[in-house]
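Inspection log for the structure reproduced underneath, given as structure tokens.
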Amino acid sequence: MPLTDEELLARAERAAGSAYAPYSNFNVGAALLLRNGDVVTGVNVENASYPLGMCAERCALARAVAEGARPGGVEALAVTASPCGGCRQWLLEFGVDRIAFMHDGELRVRAPADLLPDSFIL
Ligand SMILES: [Zn+2]
């Protein structure tokens, strides 16, 4: 039985507890559902040199790539905050079917192209 978007978001919420966000205190968690059914989580990782910080979505994608995932291999991503523009670009490149995230207190589910219209892609 595949995970629902709500179940995937619950995994992201649990992951958020492991975030490293001492500067913003804004913990974010993400959970990727791979097409083989595996779930890979990520968290935001901040740094004293602020621009070096990593978003939870890209952390999860990088972990999945290290385990062999490639574009087309990711079914869905859930994240506890609305994805930033950079993460939207990453998710578009990986061909994620849908992105589930909390916004204005409700679960939104969108296709990457809807979150990044007229986007750059090779
Ligand atoms: Zn981001």
Answer yes or no: is there a side-chain heavy-atom contact under 4.5 Å between Leu115 and Pro112? no
Look at the side-chain heavy atoms of Ile, Leu, Val, Met, Phe, Trp and Tyr, link any pair under 4.5 Å apart, and say whether Ile99 and Val40 land in one connected group. yes
Contact check, side chains of Glu75 and Leu34, non-hydrogen atoms, under 4.5 Å: no
Can a salt bridge be assigned to the pair Arg35 and Asp97 using a cut-off of 4.0 Å between side-chain N and carboxylate O? yes
Please answer whether the main-chain N or O of Ser24 pairs with a side-chain N or O of Glu46 as donor and acceptor at a distance below 3.5 Å. yes
Can you find a pair of side-chain heavy atoms, one from Asp118 and one from Phe120, that are under 4.5 Å apart? no
Report yes if some heavy atom in the side chain of Leu91 is under 4.5 Å from a heavy atom in the side chain of Val74; otherwise report no. no
So CD of Glu106 and CZ of Phe101: to nearest 0.5 Å the spacing works out to 9.5 Å
Determine the minimum heavy-atom distance between Arg63 and Thr41, stating which atoms define it. NH1-O, 2.8 Å
Closest non-hydrogen atoms of Cys59 and Val43, given as atom of the first, atom of the second and distance, are CB-O, 3.4 Å
Test item: Asp38 and Glu67 side chains (from C-beta on) under 4.5 Å apart, heavy atoms: no
Can you check whether Leu92 reaches Ile121 side chain to side chain, under 4.5 Å on heavy atoms? yes
Quick one: does Glu7's side chain have a donor or acceptor within less than 3.5 Å of a partner on Thr4's backbone? yes
Heavy-atom closest contact (Asn27 atom, Thr80 atom, distance): O-OG1, 4.2 Å
With distance as the sole criterion, is a donor-acceptor pair present between the side chains of Ser82 and Arg110 under 3.5 Å? no
Main chain of Phe26, side chain of Asn44: is a donor-acceptor contact present, judged purely on distance under 3.5 Å? yes
Rounded to the nearest 0.5 Å, the CG atom of Asp104 sits from the CG atom of Leu107 at a distance of 12.5 Å
Which atoms form the tightest heavy-atom contact between Phe94 and Leu61, and what is the distance? CG-CD2, 3.9 Å
For a quick check under 3.5 Å, do Gln89 and Ser119 share a side-chain donor-acceptor pair by atom type? no
Heavy-atom pair of closest approach, residues Leu32 and Ala60: CD1-O, 3.5 Å
Determine, for Glu13 against Arg11, whether the closest basic-nitrogen to carboxylate-oxygen distance falls under 4.0 angstrom. no
Treating Ile, Leu, Val, Met, Phe, Trp and Tyr as nodes and any side-chain heavy-atom pair under 4.5 angstrom as an edge, say whether Val79 and Val96 lie in one connected cluster. yes
Quick one: does Cys55's side chain get under 4.5 Å of Val28's, heavy atoms only? no
Short N-O contact, Glu57 and Arg88, less than 4.0 angstrom: no
For the residue pair Gly29 and Ala16, what are the closest heavy atoms and their distance? N-CB, 3.5 Å
